[in-house]
There are 2 protein chains.
Amino acid sequence: MDTDERQLTPRGEERRRQLIEFAARRFAENGYHPTSVAEIVEGLGVGKGVFYWYFDSKDELFRAILSEGQRDLRRHQRDAIAGDLTPLERVRNGVRASIEWSLEQPVLVRLFQFAATDERFAGLLRQGERIAVRDAAHQIQEAMEAGEIPCADATLLAQAMLGVHTRIVHLMATGQIEATDEIISTAVDFCVNGIRGAADRSFI
Amino acid sequence: MDTDERQLTPRGEERRRQLIEFAARRFAENGYHPTSVAEIVEGLGVGKGVFYWYFDSKDELFRAILSEGQRDLRRHQRDAIAGDLTPLERVRNGVRASIEWSLEQPVLVRLFQFAATDERFAGLLRQGERIAVRDAAHQIQEAMEAGEIPCADATLLAQAMLGVHTRIVHLMATGQIEATDEIISTAVDFCVNGIRGAADRSFI
DNA sequence: CATTCACTTGACCGATCGGTCAACAATGGG
DNA sequence: CCCATTGTTGACCGATCGGTCAAGTGAATG
């Protein structure tokens, strides 16, 4: 029987959460491959069978962690650009919210970064990225149509912003730069200026 | 005896190169941890002892790959900003050269990305990054002093540019966007506009 | 030809890996 | 109280891991 079709009681749901949270932390600290299933179940003080009651494999557990993390990030991004804002304000808020969420979720950020380097998980990661990028590109496109910024390849600019976001968050999470509001603002400004000053390369 | 103090004959040098190149390719394709030493030596058709004649451990081999890769990238960056150029031209050329080198070295790019996620190698990777960032920041600083761009945190802007570079290269290497000259130009423009339009947040 | 040292072989080692399973405990509805 | 279902145990499995080493081979030097 597939573990993801199993009917879980509240007790079961809690155990599943424990496994996901403990494993995510160990994966982030030690790496995915070097962290064994034995280590995870010992850390929770349970038998090995518990693990395979809730997950078909170690890979599937990691995919579950990824999916839930992406869903949470996505929710925060959505909330950040809600309300009555100009397109450019939406872009600014979206970038800032993503950075702030990432600073609160260093474990997931680290796992996202690893997932990008492993073929087993890269596809799943890309799915989530594509949605976020498409949305950001949509806001940029609207800013262009509103005349706030010159026309250019909106998707590419969104990807560039994601690059800035990823780098800044990585530096803050590893303690290489401080996570002050001023530095976040400078990073956000870099992004906004990057798209605002973009030369017209579109064919519109 | 430490393997890195060993005196190698030309034959030995060649074998070392074979090991580094084959292993780098396998690490990039399959991942570092999932690729075994046995797989590497079998791929080269040699006995296992050969591996441990040239390297103390699998980890040390990976570190050697990283070091040599970073040295090569560094050389290209240096060449790109040589000559009689304005600071802003230097920045532009440096970013472009880094992107182009990365497109020619997809294997190393992939390994750099993985190294950033593993504590065993993150330190070594950071060393090389710091040098590159320091140099880029130096060019940006000069552009500020020459009045080409407003004053701001030069190091942070250099890091933001590195973020754009990393993301764009990753997308091109994974086939998510085309590696056309026009797209590279848009990315470089994003970087230049990002630092050019930056608000004055310095204390100077 | 003899010596030397760089290089190579591959069987072997203990440890650990992801995953299985038969037996057993807890829970809750009837 | 019974019983079905959910949840748990931990010994066990074959495979594979990184790493070792005594025994060799190759080629250059004298």
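Here is the naming used below: chain letters follow the sequence lines, and residue numbers restart at 1 for every chain.
Within a 6.0 Å sphere centred on CZ of A/Arg120, other residues, nucleotides and ligands contribute more than 12 heavy atoms.
The OH-C1' distance, from B/Tyr52 to D/dA23, rounds to 20 Å in whole Å. The OH atom of B/Tyr32 sits 8 Å away from the P atom of D/dG18 (whole-angstrom rounding). Put simply, NE2 on B/His33 is 13 Å from C1' on D/dC17, counting in whole angstrom units. Counting to the nearest Å, the P atom of D/dT5 and the CG atom of A/Leu8 are 16 Å from each other. Spacing between atom CH2 of A/Trp53 and atom C1' of C/dA22 amounts to 14 Å, rounded to whole angstrom units. Taking atom CD of residue A/Glu39 and atom C1' of nucleotide C/dG18, one finds them 14 Å apart after rounding to whole Å. If you measure from atom CD1 of B/Ile40 to atom P of D/dG18, you get 8 Å, rounded to the nearest angstrom. Here the C1' atom of nucleotide D/dG18 and the CD atom of B/Glu60 are 14 Å apart, to the nearest Å.
Among the heavy atoms of the strands lying under 4.0 Å from A/Gly49 is at least one base atom, whether or not backbone atoms are also near. Across all strands shown, B/Val46 has heavy atoms under 4.0 Å from sugar-phosphate atoms exclusively, and none from any base.
A/Asn93 and A/Arg96 form no side-chain donor-acceptor contact under 3.5 Å, judged by distance and modelled atom types alone. With no hydrogens or angles considered, a side-chain donor-acceptor pair links A/Tyr32 and A/Asp59 at under 3.5 Å.
Side-chain proximity of A/Arg11 to the nucleotides D/dT20, D/dG7, C/dG18 is greatest for D/dG7. When distances run from any side-chain atom of B/Lys48 to the nucleotides D/dT8, C/dT8, D/dT20, the shortest one goes to D/dT20. Here the side chain of B/Tyr54 is nearest to one of C/dT8, D/dT20, C/dT20, namely C/dT8. Distances were taken from every side-chain heavy atom of A/Gln7 (C-beta onward) to each of D/dG7, D/dT6, C/dG18; the shortest belongs to D/dT6.
With hydrogens and angles ignored, no donor-acceptor pair under 3.5 angstrom links the side chain of A/Lys58 to the base of C/dG19.
Contact annotation: B/Thr9 side-chain N/O to C/dC7 OP1/OP2 distance is under 4.0 Å. Within the structure, every side-chain polar atom (N or O) of A/Ser57 is placed at least 4.0 Å from both OP1 and OP2 of C/dG18. Considering only side-chain N and O atoms, A/Arg15 lies nowhere under 4.0 angstrom from the phosphate OP1 or OP2 of D/dT6.
Residues B/Phe114 and B/Phe62 place their aromatic rings such that the two centres sit under 6.0 Å apart.
Across B/Glu21, B/Glu68, B/Glu60, a single residue satisfies salt bridge (Lys or Arg N to Asp or Glu O under 4.0 Å) together with B/Arg16, and that is B/Glu68.
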